[in-house]
There are 2 protein chains.
Amino acid sequence: MTARKGRSVTEPRAHVETAPPEAVRQGSADPGPAGERPRPGRAARPEPRRETKGDRTRARILDSATELFSRSGFHAVSLRDIAAHAGLTHAGLLHHFPGKESLLIQVLARRDEVDGRLMAGPDARATPEELLDRAVAQVARNMRSPGLVALYVKISGEAADPEHPAHDYFVHRYRRLRRDATWLLGELFRRADPPVPHDPAVAARELIALVDGLQTQWLLEPEEVDMREVVLAFLAQLGVHPANPGFATPDRTPPGAP
Amino acid sequence: MTARKGRSVTEPRAHVETAPPEAVRQGSADPGPAGERPRPGRAARPEPRRETKGDRTRARILDSATELFSRSGFHAVSLRDIAAHAGLTHAGLLHHFPGKESLLIQVLARRDEVDGRLMAGPDARATPEELLDRAVAQVARNMRSPGLVALYVKISGEAADPEHPAHDYFVHRYRRLRRDATWLLGELFRRADPPVPHDPAVAARELIALVDGLQTQWLLEPEEVDMREVVLAFLAQLGVHPANPGFATPDRTPPGAP
DNA sequence: TGGAAAACTAACCACGTGGTAGGTTCCGTC
DNA sequence: GACGGAACCTACCACGTGGTTAGTTTTCCA
């Protein structure tokens, strides 16, 4: 509802054009992208570009944004809040990121990249049971990373508003989750003895919804909800079993200590 | 993070002291509270107080606040937005409600009152199966009232922030839901033949989480999620059966048409 | 009908917000 | 060490926000 007139937020900042933060960030541990130039006299062997002060600052900003968005959502957090938390001014922050919305998108993209996904699609290196294991382990890990839980809980609710900057991100995220979970549960149902007579598409929606809903409750009262226990109970009711549920031992940390 | 200095928001508005909006609202269809005075010459029989212009305005404000909070959450909606939507100025709105936070609390309280609760506790007039029926019917009804779904989805996420005005409201709401659902499922498990060997406390957390999580997905892509179907599938997996699932026929309305 | 109270507005306040522009300082490379 | 670009700051901008105050209009009731 706070529609700012005048300046378009889609205009790139001219002085970041040559090294967009996205590209730098993605390639920080890899050969540099467009900025890399072979040394004279050497074969064109790419060299790791050294991490710059700007890289470190951008990482700090993303950390701060992640933490504050996780705590209070997108709209209740200002650029000045994030900048102060990261140890610079809000104008300095805007040197690195073109605007608040793209900062959020990068926080989300980074989160996906760093923490993996709740649900994995076909993987030749793991059985479906092992993949289920990983999903359960991720749930348990979430209980040790309240920040991750809070970020998705906070932003996914807001993002149901079609005008929210992360709306499309979440629409696609849920599509992917449903697709992957449907495949995984379909495999597990078929391999069970006797085969499980449930519709994997419906069960996938159940599982995703269950995990999401548990996270909301857990954030409000962590001592009242053992997410792993509930997810394992649900899977048992479905008639599917992780390969090694013992691995997914929780080490519960209360929220507020991200 | 937007901490406004100076004025305390807890000070009541002096000119609303004699008829606090809460009291008036609660008693609008009942005998008036403190403001009621027996007619001279009559026994002290309470008479319905006539609905005033203010009552109607307050209702309009609450309608508008409900709609806008449902669409965009608490922080992204201003008092001026709500006031304009209700057809008055923001200062006029503040004549009726002491501040933005208490407005939100009243929106939530009203919503509980008008739409009932997802889960009901012991009721001598209904069997547990019938109570389950009602819960399923409520889920189906939610699909016809996107505003209700959106309100809770939007605000519950935000409210996980301990500083959010509705934080306590949701802590208590979930406690009540868990208590009631645990009782109901316990009864259903015991009455089943053979008795269902699941822990009703765990199953209660599953059910509540499932419904919450489904609502988030549904808001993002309503055509991809049939909440009623998924809830019925879940209950079937649990081994419990509503008395008459046929009653809970959905009439799906896409969100955006509250 | 008159008067008091309720309802409502316009104007004001202090502050916060995302973003811009110009200048200074720092960093990285040769 | 010199130089150019990156990093960062200060100051500014227009606008929005919740809330206050004084005045006006409307409603309600005796």
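Chain naming here is simple, since letters A, B, ... match the order of the sequence lines and numbering starts at 1 in each.
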- Can you find a pair of side-chain heavy atoms, one from A/Thr57 and one from A/Thr52, that are under 4.5 Å apart? no
Rounded to whole Å, the CZ-C1' distance (A/Arg60 to D/dC8) equals 11 Å
To the nearest angstrom, the CG-C1' distance between A/Leu79 and D/dC13 comes to 16 Å
Taken to the nearest whole Å, CG/A/Asp55 to P/D/dG5 is 19 Å
B/His75 NE2 to D/dG16 P, in whole Å, measures 20 Å
Separation of D/dG18 atom P from B/Leu68 atom CG, nearest Å, is 12 Å
| request: Determine, step by step, whether B/Arg71 and B/Asp81 satisfy the salt bridge (Lys or Arg N to Asp or Glu O under 4.0 Å) criterion, reporting the C-alpha distance in whole Å, the side-chain angles of both residues, the deciding distance to 0.1 Å, and the verdict. | output: CA-CA 12 Å; B/Arg71 187 180 303 158; B/Asp81 296 326; over 6 Å; no
Atom pairs under 3.5 Å, N or O on each side, protein against nucleotides 23-28 of chain C: can you list them with distances?
{"residue": "C/dG28", "atom": "OP1", "partner": "A/Lys53", "partner atom": "N", "Å": "3.4"}

The side-chain hydrogen bond (donor to acceptor under 3.5 Å, both in side chains) partners of B/Glu158 (sequence neighbours excluded) come to B/His164
### Task
Applying side chain to side chain contact (heavy atoms under 4.5 Å, CB included), run through A/Met227 and A/Val211 and close with a yes or a no.
CA-CA 8 Å; A/Met227 295 201 288; A/Val211 172; over 6 Å; no
Take the angle between the ring planes of A/Tyr152 and A/Phe170 and call it parallel below 30°, perpendicular above 60°, tilted in between.
-> perpendicular
Q.
Taking only side-chain N and O atoms of B/Ser78, does any of them lie within less than 4.0 angstrom of OP1 or OP2 on D/dT17?
A. yes
Using a 3.5 Å distance criterion without hydrogens, assess whether the side chain of B/His172 forms a donor-acceptor pair with backbone atoms of B/Asp168. yes
Next on the checklist: For the backbone of B/Val77 and the side chain of B/Lys100, can you confirm whether one donor and one acceptor N or O come within less than 3.5 Å of each other?
Outcome noted: yes
So CG of A/Asp212 and CG of B/Leu214: to nearest 0.5 Å the spacing works out to 9.5 Å
By side chain to side chain contact (heavy atoms under 4.5 Å, CB included), A/Ser64 pairs with (sequence neighbours left out) A/Ile82, A/His85, A/Ala86
In whole angstroms, the gap separating P of C/dG18 from CZ of A/Phe97 amounts to 15 Å
Sequence neighbours excluded, the answer for side chain to side chain contact (heavy atoms under 4.5 Å, CB included) partners of B/Arg178 is A/Gln217, A/Glu221, A/Glu224, A/Val225, B/Tyr174, B/Arg175, B/Arg205, B/Ile208
The bend of the helix from C/dT1-D/dA30 to C/dC30-D/dG1, taken between the axes of its five terminal pairs at each end and rounded to 10°, is 20°
Please produce a list of atom pairs where a protein N or O lies less than 3.5 Å from an N or O of nucleotides 9-11 of chain D.
{"residue": "D/dC9", "atom": "OP2", "partner": "A/Thr89", "partner atom": "N", "Å": "2.7"}
{"residue": "D/dC9", "atom": "OP2", "partner": "A/Thr89", "partner atom": "OG1", "Å": "2.8"}

ask   = Does a side-chain N or O from B/His96 land closer than 4.0 Å to OP1 or OP2 of C/dA6, or not?
value = no
Whole-Å distance, A/Lys100 NZ to C/dG19 P, equals 9 Å
* **A/Asp55/A/Arg58 under salt bridge (Lys or Arg N to Asp or Glu O under 4.0 Å): CA gap, chis, key distance, verdict** => CA-CA 5 Å; A/Asp55 295 330; A/Arg58 272 185 288 281; 3.2 Å; yes
Whole-Å distance, B/Leu94 CG to C/dC13 P, equals 18 Å
